[in-house]
Number of protein chains: 2
Amino acid sequence: MTLTEEEGAMSRPTIVDVARAAGVSRATAARVLAGATNVDPAMAAAVGREAARLGYETNFAARVLRGGRAGAIGLVIAFDELGGLSGTFFTAVMKGAAKGLSAGEVQPVLLPADHEDLDRIPRFLRSGAIDGAIVVLQHEITHLVDRLADSPVPIAWVGRPRGEIGPDPIVIDSDNYGGGVLAARALVEHGRRNIGIITGPLDMEQARERTRGWTDELARHGIEPGPIVHGDFTLDSGTAAMARLLQRVPTLDGVFACSDLMAAGAMRVLQAAGRRVPTDVSLVGFDDILLAAANDPPLTTVRQPLEEMGRAAADTLLGAIRGDDVERVQVLPTSLVHRESL
Amino acid sequence: MTLTEEEGAMSRPTIVDVARAAGVSRATAARVLAGATNVDPAMAAAVGREAARLGYETNFAARVLRGGRAGAIGLVIAFDELGGLSGTFFTAVMKGAAKGLSAGEVQPVLLPADHEDLDRIPRFLRSGAIDGAIVVLQHEITHLVDRLADSPVPIAWVGRPRGEIGPDPIVIDSDNYGGGVLAARALVEHGRRNIGIITGPLDMEQARERTRGWTDELARHGIEPGPIVHGDFTLDSGTAAMARLLQRVPTLDGVFACSDLMAAGAMRVLQAAGRRVPTDVSLVGFDDILLAAANDPPLTTVRQPLEEMGRAAADTLLGAIRGDDVERVQVLPTSLVHRESL
DNA sequence: CTGAAAGCGCTTACAG
DNA sequence: CTGAAAGCGCTTACAG
């Protein structure tokens, strides 16, 4: 037996089948199914009964074609994110977003963005299969930003993209500048003076803002900012960056790593070099992903409310689609989580 | 400006717009766009040019309603999987599947399965938004299996589900029995005699098969199987299970944990109890996820070819949808990866 | 080789 | 309150 035959055998009932079984017109059946109240109760009951009996389910394509909602929202995710241990930043955001969408009776649909076919995601957004999308800015995905600028479907950005993203975008961000300030202040108040920073790629607004907050706060304390090295937020890049930092400033006594993954990588290098954390060198991370608490020693870090950010992105996007008057730009607060690396 | 107005302004061109611009009929435009060759070259060129100029994209809903393919395949994933560090088993399968789907010009669409709304996924499969689904069996998802049995859309299972899943299902599995044999043999040949097993939940075929292979192989060597304790494949459950095992058999010198995560949890308990791995106790895991190599000491483990399994699921599903004659049940080999925990 | 027409399943404006 | 009808955008069997 081929699959095609199987599918044919299971062909789905339409609203016409329901209407016929209930002895009413197609229009009446549609009204009942749409929840209209101005329908004869007996008819309504019959329609409800027959729909349940037949296992009727509204045809997705027909509803969308008619001009309705697809009832699905895309969540764009870097394909590479799928392969490694580093999925935790994205997954926290994802979790919040999925909760918000589920609460709104909307199916969350994750869309892995492929390096090799940059046009697949924009094409999918144009196809009408989803009502909108949430894009979590990650380094691997920056090249997608421009291509999504003229999306026919509304997009909620988590993190503030650089460059053109159309008029009046929905942006959910955290206070990166304030986070940089918190990290610098914590290190300074701990008596650290030879402080370096491992920041992210220059083409990401998050990295620039964190660095700016850190530099400004150091200046306020009359401290010369130490060397700045760059990673790409991954653990391996933190390892490499820490090695460079140590080479340039052997007397280093404090490091601000702009992601927990980079902080974890940095810590390995410090330990391998015989520096004790936090006795010899204090280390502050950023994000507060699960790894931060699981690390040994547990990481002091600047917390971004990732799950809340995902939730806010979902709620704001759904509101905008409904036509509600929503707060299109939201900056959620960051905070310092004290653990043992400082 | 409200969002609705924005959307209206960007309304998409239809095939009628393309046909009119190219000065041909709708039918001819459709033929060109579908890649038909028996069309006047001048007309074909005009259609191609105008479609590109207008940024035409086939309307998803209309194509599906007409009876065509949605061009998307769902990948069902346990919602909880999104939150933690344990995403690696699923993500490896996912990665392979996404590659296979992309190669087949199909959009992979991840569907998080929610505990609280068990009907959302089946409903989505019934809606016609996707052409098929890949379901990776995980403990948190077992309750979904029955509800997906009468899916109108073909499903490829990764892992063999227990219970009813319709006639002639597509099942991509690994040789769990053989993997259990490999683990037992490795421990025995290393001179271990007081061997315990931390297996998975009894309602999962994988756990039963691994245990069966392990028991049979021990019997072949004339060794009485040690105590069997159960976890649910997570790290925390491995911790708890190891504590119980140690309590029951203080002289334990070997452990087979049926997932790398449980092995990692078990190792922590062993080390906390002052047992050195592998000097005092040998430990063999299962899966060969990234964590296995990253663990300290690196984990000797039974490898499942997770990415290949995902790829096979995608290729087989797409073949079945196309109507090809495919190998509907595939069991991929497991192998022992020697590292340092044995 | 090309075009006019039917129909996929749904919802809603319109007529009664 | 209810039903007949139009139309969303597409593809393909049919007629020329």
Side-chain angles (χ1 to χ4, degrees), chain A residues 7-8 10-48 50-51 54-72 123 126-129 131 152-153, chain B residues 7-8 10-48 50-51 54-72 123 126-129 131 152-153:
Chain A
E7 284 181 56
M10 299 192 203
S11 93
R12 301 158 43 199
T14 72
I15 200 168
V16 175
D17 299 320
V18 173
R20 185 166 23 215
V24 303
S25 76
R26 190 148 110 219
T28 300
R31 283 187 200 105
V32 174
L33 265 9
T37 52
N38 54 348
V39 177
D40 181 85
M43 282 181 166
V47 170
E50 294 306 318
L54 295 169
Y56 172 76
E57 191 69 38
T58 306
N59 182 294
F60 174 84
R63 173 157 40 90
V64 175
L65 183 56
R66 189 61 184 64
R69 297 275 148 69
R123 215 186 306 139
R126 263 180 273 131
S127 78
D131 300 319
V153 119
Chain B
E7 285 179 55
M10 301 193 201
S11 94
R12 300 158 44 200
T14 72
I15 199 168
V16 176
D17 299 320
V18 173
R20 184 167 23 214
V24 302
S25 76
R26 190 148 113 219
T28 299
R31 281 188 201 105
V32 175
L33 264 10
T37 53
N38 54 348
V39 177
D40 182 85
M43 283 182 164
V47 169
E50 295 305 318
L54 296 170
Y56 172 76
E57 192 67 39
T58 307
N59 183 293
F60 175 84
R63 172 157 41 89
V64 176
L65 182 57
R66 189 61 184 63
R69 298 274 149 69
R123 214 185 308 141
R126 264 180 273 129
S127 78
D131 300 320
V153 120

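Remember, it's a predicted structure, so these values are computed and weren't measured experimentally. Convention: sequence-line order gives letters A, B, ...; per-chain numbering from 1.
- As judged by a 4.0 angstrom heavy-atom cut-off over every strand, B/Tyr56 is placed among residues touching the sugar-phosphate backbone only.
- Comparing C/dA15 with C/dT11, their P atoms sit 22 Å apart, to the nearest whole Å.
- Between the CD1 atom of B/Ile15 and the CD atom of B/Glu50 there is a distance of 13.5 Å, given to the nearest 0.5 Å.
- Two residues, B/Val39 and B/Gly67, neighbour DNA chain C, and the one matched to the more 5' nucleotide by heavy-atom proximity is B/Val39.
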Can you give me every donor-acceptor pair (side chain of residues 34-43 of chain B, partner residue at least two apart or in another chain, under 3.5 Å) with its distance?
{"residue": "B/Asp40", "atom": "OD2", "partner": "B/Ala42", "partner atom": "N", "Å": "3.0"}
{"residue": "B/Asp40", "atom": "OD2", "partner": "B/Met43", "partner atom": "N", "Å": "3.2"}

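- Shortest non-hydrogen contact noted between B/Ala129 and B/Ala70 is O-CB, 3.3 Å.
- Closest approach of B/Thr14 and B/Tyr56 over heavy atoms only: C-CE1, 3.5 Å.
- Residues from residues 23-31 of chain B placing a heavy atom under 4.0 Å of any atom in DNA chain D, listed by number, are B/Arg26, B/Ala27, B/Ala30, B/Arg31.
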In a table with atom names and distances, give each donor-acceptor pair under 3.5 Å that connects a side chain of residues 59-67 of chain B to protein atoms at least two apart or in another chain.
{"residue": "B/Asn59", "atom": "OD1", "partner": "B/Ala61", "partner atom": "N", "Å": "2.9"}
{"residue": "B/Asn59", "atom": "OD1", "partner": "B/Ala62", "partner atom": "N", "Å": "2.8"}
{"residue": "B/Arg63", "atom": "NH1", "partner": "B/Arg69", "partner atom": "O", "Å": "2.6"}

Result block: side-chain N/O donor-acceptor pairs under 3.5 angstrom for residues 19-31 of chain A, not counting sequence neighbours:
{"residue": "A/Arg20", "atom": "NH2", "partner": "A/Asp17", "partner atom": "OD1", "Å": "3.4"}
{"residue": "A/Ser25", "atom": "OG", "partner": "A/Ala27", "partner atom": "N", "Å": "3.3"}
{"residue": "A/Ser25", "atom": "OG", "partner": "A/Thr28", "partner atom": "N", "Å": "3.1"}
{"residue": "A/Ser25", "atom": "OG", "partner": "A/Thr28", "partner atom": "OG1", "Å": "3.2"}

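- Within the model, atoms CD of B/Glu57 and CZ of B/Arg12 stand 7.5 Å from one another, a figure rounded to the nearest 0.5 Å.
- Nucleotides of DNA chain D lying under 4.0 Å from heavy atoms of chain A occupy a range whose first and last members, 5' to 3', are D/dC1 to D/dG9.
- The separation of D/dA5 from D/dC1, taken at their P atoms, amounts to 23 Å, rounded to a whole angstrom.
- For DNA chain D, the stems formed by at least three consecutive Watson-Crick or G-U pairs, with both atom-pair distances below 3.5 Å, span C:1-3 with D:14-16, C:5-12 with D:5-12, C:14-16 with D:1-3.
- Residue B/Val64 is out of contact with every strand shown, counting any heavy-atom pair closer than 4.0 Å.
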